[in-house]
S.K.: 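Encoded as structure tokens, here's the structure I'll be asking about.
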2 protein chains.
Amino acid sequence: MTATYRDVKADILDKITRGVWAPGSLIPNEVELAETYDCARATVNRAVRELADAGMVERRRKAGTRVRMAPVRQARFDIPLVRKEIEDRGARYRYALVHRDVLPAPDWLRARLKLGGRAEVLHLVCMHYADGIPYQFEDRWISLEILPQAREADFSQSGPNEWLVAEIPFSDAEISFLAVPADETLAAHLGCRAGDALFQTERSTWWQGRAITFVRLCFRPGHRMTTRY
Amino acid sequence: MTATYRDVKADILDKITRGVWAPGSLIPNEVELAETYDCARATVNRAVRELADAGMVERRRKAGTRVRMAPVRQARFDIPLVRKEIEDRGARYRYALVHRDVLPAPDWLRARLKLGGRAEVLHLVCMHYADGIPYQFEDRWISLEILPQAREADFSQSGPNEWLVAEIPFSDAEISFLAVPADETLAAHLGCRAGDALFQTERSTWWQGRAITFVRLCFRPGHRMTTRY
DNA sequence: AATGTGAATATGTTCAGGCAAAACCGGGCA
DNA sequence: TGCCCGGTTTTGCCTGAACATATTCACATT
């Protein structure tokens, strides 16, 4: 009764979670496993490789495969569009453009995105509402060197995020999560008090090594980001 | 000149990022790709499968493989042990047990972990320091139903996290990130002022479907969690 | 004792071929 | 018209074999 790679993976995982194969111990090599499960070595290889990708085991040529002492626990988060995030909760989404400006990139932004000396940027401030209640404050900076067409784009009806994903096929990004106190502006827009603790994400985005955009997203008080792993 | 699965993957990714294969469009099927790259279909399969795992493309039997409209942007975070996190920054790690108590699980915890009616829990409050400066406040609850040996464990020298990873081979978890204002206790321990915005993570952990532990980790002001994707 | 060398070994990758399963498509039938 | 039912296409998965590559270990040399 030959096993699928899923069977093999599940069984190995089971042996690890139950402690049959203790953390730090060596597990049988691929040939032996292929014999016990009566399948090809390639099947075992895929099973064990996926476990290695997931951080459950560690593999080294010749040394063999061993169960990780402390499994590298890693969490995966989906980064949705605000609109989708709100609509998925069954709430009505509303968008508003608060401010729009074209200006030379300020120093902190030039440093952050490694922009040239006289780079111009488009600065947008937007609000996202769920059922009419402030949900997220967006502080967006777009490099006009790479996306000059942003100068002409109309951001009064839909957010820059939706425009960007249509404009740029794919990109690298660096994302940070942190907590900030609300300043007067944030408090006014999010309907909270200055000093309130807000969950904030910051994202810098590049396309083919060149900076496109930096965004600061501030959520209403009490927001939490959750995942399982 | 036969290509490796890495070559194939890189080239497809390149075609996507450059917009040669636009978002939403269908890419050639595996047989065709195998011919263009002069390699086996299994090689193409691995390349494309990994791109699908990474959320770049979407595959459906018969329908073919298409470039995702809005690439499911997902970020991966490593969840390190505090000790390692601090030592990796080149700082000296210090641990301190602030409080230890055995008590019946409070209602909110019973609800959260789906514990039985008269479940007893071990409650620990700990501090983690980097170079002597408060780094993280830990509020830990351990179920004594499943881990009765925690009652006898010595948490005065090293943290409950390190004890737990040694005790439980592996587990499921749910993790949340949020921002909270510091209360008096937190302020006193972290050396900040009450009301300061703090980055907090909450984690619930299960082993084979049974709740093990709940922990609330509060970082010092200004902490940020960063990743690239 | 320290260092270099080669054999042994475990994983890494690829191949060609095949069957399985999902899903789309069109034709036949009520 | 509406529904079921094969046929076709495409990805998914497995096999058994082979070669590649990194790493360890034993052994010989310095």
Side-chain angles (χ1 to χ4, degrees), chain A residues 1-16 20-69 71-72 74 170, chain B residues 1-16 20-72 74:
Chain A
M1 41 147 237
T2 72
T4 70
Y5 85 93
R6 277 171 215 278
D7 297 333
V8 176
K9 186 178 170 184
D11 192 70
I12 294 176
L13 194 54
D14 188 66
K15 283 203 167 57
I16 293 174
V20 179
W21 289 340
S25 68
L26 220 54
I27 78 174
N29 69 38
E30 295 192 350
V31 176
E32 289 174 56
L33 288 172
E35 278 165 17
T36 47
Y37 294 111
D38 188 23
C39 65
R41 190 171 77 92
T43 304
V44 170
N45 181 275
R46 177 159 180 195
V48 182
R49 177 156 39 80
E50 289 194 1
L51 288 172
D53 289 344
M56 294 302 306
V57 298
E58 206 170 4
R59 319 194 75 186
R60 257 167 50 232
R61 280 169 157 135
K62 162 72 183 176
T65 302
R66 58 179 66 241
V67 181
R68 282 197 107 108
M69 284 304 240
V72 175
Q74 40 191 354
F170 182 71
Chain B
M1 43 152 238
T2 71
T4 69
Y5 84 92
R6 276 171 216 277
D7 297 334
V8 177
K9 186 177 170 186
D11 192 70
I12 294 176
L13 194 54
D14 188 66
K15 284 202 167 58
I16 293 174
V20 179
W21 289 339
S25 69
L26 221 55
I27 78 174
N29 69 38
E30 295 191 351
V31 177
E32 290 175 56
L33 288 173
E35 279 165 17
T36 45
Y37 295 113
D38 188 25
C39 65
R41 191 170 74 92
T43 304
V44 170
N45 181 275
R46 177 158 180 194
V48 182
R49 178 157 38 80
E50 289 194 0
L51 287 172
D53 289 344
M56 294 301 308
V57 298
E58 206 171 5
R59 319 194 74 185
R60 256 168 50 232
R61 280 168 157 136
K62 162 72 183 174
T65 301
R66 58 179 66 240
V67 181
R68 287 198 106 108
M69 284 302 239
V72 174
Q74 38 190 358

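All chains are named by letter (A, B, ...) in the order of the sequence lines, taking the proteins before the strands, and each is independently numbered beginning at 1.
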S.K.: Could you tell me how far apart N29(A) (CG) and dT23(D) (P) are, to the nearest whole angstrom?
M.R.: 18 Å
S.K.: Quick one: side chain to side chain contact (heavy atoms under 4.5 Å, CB included) partners of D53(A), sequence neighbours excluded?
M.R.: R49(A)
S.K.: dT9(D) C1' sits how many Å from R59(B) CZ, rounded?
M.R.: 14 Å
S.K.: Is T43(B) close enough to dC15(C) that one of its side-chain N or O atoms is under 4.0 Å from OP1 or OP2 there?
M.R.: yes
S.K.: Applying side chain to side chain contact (heavy atoms under 4.5 Å, CB included), can you list everything that pairs with S25(B), at least two apart in sequence or on another chain?
M.R.: W21(B), A22(B), V67(B)
S.K.: Using whole Å, report how far OH of Y37(A) lies from C1' of dG16(D).
M.R.: 20 Å
S.K.: If you compare every side-chain N and O of T65(A) against the phosphate oxygens of dA10(C) (OP1, OP2), does one of them come in below 4.0 Å?
M.R.: no
S.K.: Could you state the atom-to-atom distance from CD of E35(B) to P of dT10(D) in whole Å?
M.R.: 12 Å
S.K.: Does D7(B) use its side chain to pair, donor to acceptor, with the backbone of T4(B) at less than 3.5 Å?
M.R.: yes
S.K.: Please name the pair of heavy atoms, one in V44(B) and one in C39(B), separated by the smallest distance, quoted to 0.1 Å.
M.R.: CG2-SG, 3.7 Å
S.K.: Give me the distances for all protein-to-nucleotides 23-26 of chain C N/O pairs that come in under 3.5 Å?
M.R.:
| unit_1 | atom_1 | unit_2 | atom_2 | d |
| --- | --- | --- | --- | --- |
| dC24(C) | OP1 | R60(B) | NH2 | 2.4 |

S.K.: As a test of your reading of the structure, name each stem of DNA chain D as range with range, where a stem is three or more consecutive Watson-Crick or G-U pairs at under 3.5 Å.
M.R.: C:1-30 with D:1-30
S.K.: Using the test side chain to side chain donor-acceptor pair (under 3.5 Å), find all partners of T65(B) that sit at least two apart in sequence or belong to another chain.
M.R.: R59(B)
S.K.: Heavy atoms under 4.0 Å, any strand shown: does R6(B) hit a base, just sugar-phosphate, or nothing?
M.R.: sugar-phosphate
S.K.: Within this structure, what is the CD-to-P distance between E58(B) and dG12(D), rounded to whole angstrom?
M.R.: 11 Å
S.K.: Side-chain N or O of N45(B) versus OP1/OP2 of dC13(D): is the shortest distance under 4.0 Å?
M.R.: no
S.K.: With sequence neighbours excluded, tell me which residues meet side chain to side chain donor-acceptor pair (under 3.5 Å) with E32(A).
M.R.: N29(A)
S.K.: Check R68(B) against G55(B) and note the closest heavy-atom contact, atom names and distance.
M.R.: CD-O, 2.8 Å
S.K.: Can you name the salt bridge (Lys or Arg N to Asp or Glu O under 4.0 Å) partners of R41(B), sequence neighbours left out?
M.R.: E30(B)
S.K.: From dT11(C), dC15(C), dT11(D), pick the nucleotide closest to the side chain of E30(B)?
M.R.: dT11(D)
S.K.: In whole Å, what is the span from the CG atom of L26(B) to the C1' atom of dT9(D)?
M.R.: 12 Å
S.K.: By salt bridge (Lys or Arg N to Asp or Glu O under 4.0 Å), which residues pair with K15(A), not counting sequence neighbours?
M.R.: D11(A)
S.K.: Of all residues at least two apart in sequence or in a different chain, which pass the side chain to side chain donor-acceptor pair (under 3.5 Å) check with D14(A)?
M.R.: R18(A)
S.K.: Of Y5(A) and E32(B), whose closest DNA chain D nucleotide lies nearer the 5' terminus?
M.R.: E32(B)
S.K.: If you compare every side-chain N and O of R46(B) against the phosphate oxygens of dT13(C) (OP1, OP2), does one of them come in below 4.0 Å?
M.R.: yes
S.K.: Measure from CZ on R66(B) to C1' on dT11(D) and round the result to the nearest Å.
M.R.: 14 Å
S.K.: Just to confirm, is there a sub-4.0 Å distance from OP1 or OP2 of dA17(D) to any side-chain nitrogen or oxygen of R41(A)?
M.R.: no
